[in-house]
Amino acid sequence: MDFTILGMGKTGHAAACYLMEQGHKVTVWDRNPDKIAALQENGISIYGQIVGVFRPESCQAIGEAVRESRYLLVFTTAIGHRPIAEALKGKLQQGQRILIFNGNWGAVEFAECLGNELEEKEIILGETGAQIFAASLKTTGQSYLKSLKKAVDFSTYPASCAETVSTELLSVFPQLHPVGNVLETSLNMSNPIAHCPLDLFNLAAIDAGQEKLMFASEYTSPRGVAYTEQVDRERLALLEKIGVKGQSLLQLFNKSWQSDYTDLYTAFKKIKSYQTAKSPTDFASRHFTEDIPFGILPIQKLAQRHGVETPYIDAMLDLYRLVLGEDFGRGEPDLTEVDLKKYMG
């Protein structure tokens, strides 16, 4: 199969090596031309779950990068979704599939941006409800693949295509678990619920730049987890109100890691991959630039629209608004004019 990876950060590096190890043709592109130049010169050295040196085809122009690939895999921060969608206008080919790892309203933003081009060219959008790859990057071309999730939710727009695409990719990404629609993936994202309440209980440590083991230390405390559970209950109440299938954070953890923990605190403390996860050391972390604007804020706004009370979410966001100041919510997807019903199948 031919794949193009759009976005060569830590997970983009890992995905390129993962696919090339399986024998697939991989082309990579990034908005940073210096990053592409470095990859063209040195390739990618990776260790951990995959060990080796891989040399994907690297393109400076996005049109050239996507021309020959059926599958376009987007690995970027959520705030990068719309710029990439804008850059793809007029450059897509008939029957391509665009898969966004992980969702964060990516499919909705791509669909709103690309408009009629999707239907005219029979393009399918897909997104995952979580990131498959847990990876880090020492520098461009130096990658560490820590672990891969065993299952992640996967949806498409149009909603009826999830089974088709997941079947096409079964041998490549057996982790993809088809669900009903892209609202289900974007509103069942685990990271915002797992990160934001716990960070709230550790703001002084973050402000002081103190790095801790996020889940394997006192950073994850009983009261912090109890607050997390309240935030999760409010999220699930919204999903029930709008008719979207909800999964609790504990259910999402157990699905992703094929575990059977019965309480959230134990899951945080026992899931192997989480025991080396580090806490944020500043407010430039994706916990604040992505999880809040693309995870928690849309839940609050939708809850207000549909008359669902969210006192724990409201209190948490009020405090974050005071702490983060003008950076609070930057990049938040604008869902006010979006007809969400069309994405529900």
Under the rule for ring pair (Phe, Tyr, Trp, His ring centres under 6.0 Å), what residues qualify as partners of Tyr219, not counting sequence neighbours?
none
Students should find that the hydrophobic cluster of Leu170, defined by side-chain heavy atoms under 4.5 Å apart, otherwise consists of none
Determine yes or no for a side-chain-to-main-chain donor-acceptor pair under 3.5 angstrom, with Trp29 supplying the side chain and Gly7 the backbone.
no
State which residues pass side-chain contact (heavy atoms from CB on, under 4.5 Å) with His177; sequence neighbours excluded, sorted by chain then number.
Asp153, Val179, Lys255
Would you find a donor on one side and an acceptor on the other, under 3.5 Å apart, between the side chain of Arg70 and the backbone of Arg97?
no
Using a 4.5 Å cut-off on heavy atoms from C-beta on, say whether the side chain of Leu198 contacts that of Phe215.
yes
When rounded to the nearest 0.5 angstrom, what is the spacing between OH in Tyr274 and OG1 in Thr220?
11.0 Å
Side-chain (Ser221) to main-chain (Gly224) donor-acceptor, under 3.5 angstrom:
yes
Backbone N/O of Met214 and side chain of Ser279: donor-acceptor pair under 3.5 Å:
no
Measure from the side-chain N and O atoms of Lys121 to the backbone N and O of Leu92, and report whether any donor-acceptor pair falls under 3.5 Å.
yes
Tell me whether Leu317 is reachable from Ile206 by hopping between hydrophobic residues (I, L, V, M, F, W, Y) whose side-chain heavy atoms are closer than 4.5 Å.
yes
Heavy atoms only: give me the nearest Gln275-Ala216 pair and the separation to one decimal.
OE1-CB, 3.3 Å
Taking distance alone, no hydrogens or angles, what donor-acceptor pairs closer than 3.5 Å link side-chain atoms of residues 42-56 to residues at least two apart or in another chain?
unit_1: Gln49; atom_1: NE2; unit_2: Lys146; atom_2: O; d: 3.3
unit_1: Arg55; atom_1: NH1; unit_2: Glu41; atom_2: O; d: 3.3

I'd like a table of donor-acceptor pairs (distance under 3.5 Å, sequence neighbours excluded) in which one partner is a side-chain atom from residues 128-140, with atom names and distances.
unit_1: Thr128; atom_1: OG1; unit_2: Ala130; atom_2: O; d: 2.8
unit_1: Gln131; atom_1: OE1; unit_2: Phe133; atom_2: N; d: 3.4
unit_1: Gln131; atom_1: NE2; unit_2: Phe101; atom_2: O; d: 3.3

Please round to the nearest 0.5 Å and tell me the distance separating atom NZ of Lys270 and atom CG of Asp263.
10.5 Å
I'd like to check Val182 versus Thr156 (side-chain heavy atoms, cut-off strictly below 4.5 Å). Are they in contact?
no
Side-chain donor/acceptor of Asn202 to backbone N/O of Ala205, under 3.5 Å
no
Could you state the interatomic distance from CD1 (Ile79) to CZ (Arg286), rounded to the nearest 0.5 Å?
11.5 Å
Okay, side chain of His24, backbone of Met20: is any donor-acceptor separation there less than 3.5 Å?
no
Mind checking ring pair (Phe, Tyr, Trp, His ring centres under 6.0 Å) for His306 and listing every partner two or more places apart, or none if nothing turns up?
none
Which word best sums up how the rings of Phe3 and Phe173 line up, parallel for under 30°, tilted for 30 to 60°, or perpendicular for over 60°?
perpendicular
Following the transitive rule for hydrophobic clusters with a side-chain heavy-atom cut-off under 4.5 Å over Ile, Leu, Val, Met, Phe, Trp and Tyr, establish whether Leu88 and Val74 coincide in one cluster.
yes
Distance-minimising heavy-atom pair for Asp291 and Cys196:
CB-SG, 3.7 Å
Is there a path of hydrophobic side-chain contacts, each under 4.5 Å between heavy atoms of I/L/V/M/F/W/Y residues, joining Val66 to Val165?
no
Contacts of type side-chain contact (heavy atoms from CB on, under 4.5 Å), residue Ala87, not counting sequence neighbours:
Ile62
Report yes if the side chains of Phe328 and Leu322 come closer than 4.5 Å at any heavy-atom pair, otherwise no.
no
Non-neighbouring partners of Leu239 that pass side-chain contact (heavy atoms from CB on, under 4.5 Å), sequence neighbours left out:
Leu187, Asn188, Arg235, Val244
Correct closest heavy-atom pair for His287 and Asp199 would be ND1-OD2, 2.7 Å
Hydrophobic cluster membership, with links at side-chain heavy-atom distances under 4.5 Å among I/L/V/M/F/W/Y: are Ile193 and Ile242 in one?
yes
Evaluate the criterion side chain to side chain contact (heavy atoms under 4.5 Å, CB included) for residue pair Thr4 and Tyr71; output intermediate values, then yes/no.
CA-CA 6 Å; Thr4 292; Tyr71 299 97; over 6 Å; no
Is the backbone N or O of Gly141 less than 3.5 Å from a side-chain atom of His13, with the two atoms forming a donor-acceptor pair by type?
yes
Taking C-beta and beyond as the side chain, do Leu319 and Leu200 meet within less than 4.5 Å on heavy atoms?
yes
Any side-chain donor-acceptor pair under 3.5 Å between Ser259 and Asn254?
yes
dist Glu120:CD -> Glu122:CD (nearest 0.5 Å) comes out at 11.0 Å
Kindly determine whether Glu127 and Ser186 satisfy side chain to side chain donor-acceptor pair (under 3.5 Å), including the steps that lead there.
CA-CA 8 Å; Glu127 69 175 27; Ser186 280; 2.8 Å; yes
Check for me whether the distance between the ring centres of Phe253 and Phe268 falls short of 6.0 Å.
yes
Assigning hydrophobic clusters by single linkage (Ile, Leu, Val, Met, Phe, Trp, Tyr; side-chain heavy-atom cutoff under 4.5 Å), is Tyr18 placed with Leu73?
yes
Ile36 CD1 to Asn32 CG distance, which is reported to the nearest 0.5 Å
8.0 Å
Tell me every residue that passes ring pair (Phe, Tyr, Trp, His ring centres under 6.0 Å) with Phe201, counting only those two or more places apart in sequence or in another chain.
Tyr227
Arg330 vs Pro293 side-chain heavy atoms within contact, under 4.5 Å:
no
Flag side-chain contact, heavy atom, 4.5 Å: Ser143 against Lys10:
no
Distance (rounded to the nearest 0.5 Å) between Glu168 CD and Leu176 CG:
11.0 Å
Name the residue from Val26, Leu169, Leu19 that meets the side-chain contact (heavy atoms from CB on, under 4.5 Å) definition with Met1.
Leu169
Within a strict 4.5 Å, meaning less than it, do heavy atoms of the Ile5 and Leu72 side chains meet?
no
Tell me whether Lys91 contacts the main-chain N or O of Arg67 through its side chain, where contact means a donor paired with an acceptor under 3.5 Å.
no
Test side chain to side chain donor-acceptor pair (under 3.5 Å) on Asp232 and Ser248 and set out the steps.
CA-CA 7 Å; Asp232 203 32; Ser248 71; 4.8 Å; no
Report, one line per pair, each donor and acceptor closer than 3.5 Å where one atom sits in a side chain of residues 296-305; sequence neighbours left out.
unit_1: Gln300; atom_1: NE2; unit_2: Asp314; atom_2: OD1; d: 2.9
unit_1: Lys301; atom_1: NZ; unit_2: Glu332; atom_2: OE1; d: 3.3
unit_1: Lys301; atom_1: NZ; unit_2: Glu332; atom_2: OE2; d: 2.8
unit_1: Arg305; atom_1: NH2; unit_2: Leu335; atom_2: O; d: 3.1

Between Glu184 and Lys245, does any NZ, NE, NH1 or NH2 come within less than 4.0 Å of an OD or OE carboxylate oxygen?
no
Whether the side chain of Gln247 engages the backbone of Leu252 through a donor-acceptor N/O pair (distance < 3.5 Å, no angle test) should be reported.
no
Flag the pair Leu39 / Val28 as yes when at least one side-chain heavy-atom distance between them is below 4.5 Å, and no otherwise.
yes
Using the side-chain contact (heavy atoms from CB on, under 4.5 Å) criterion, which residues pair with Gln258? Sequence neighbours excluded.
Lys150
Under 3.5 Å, which donor-acceptor pairs do the side chains of residues 103-114 form with other protein atoms, sequence neighbours left out?
unit_1: Asn104; atom_1: ND2; unit_2: Glu290; atom_2: OE2; d: 3.3
unit_1: Trp105; atom_1: NE1; unit_2: Phe294; atom_2: O; d: 3.4
unit_1: Glu112; atom_1: OE2; unit_2: Lys342; atom_2: NZ; d: 3.4
unit_1: Glu112; atom_1: OE2; unit_2: Tyr343; atom_2: OH; d: 2.4

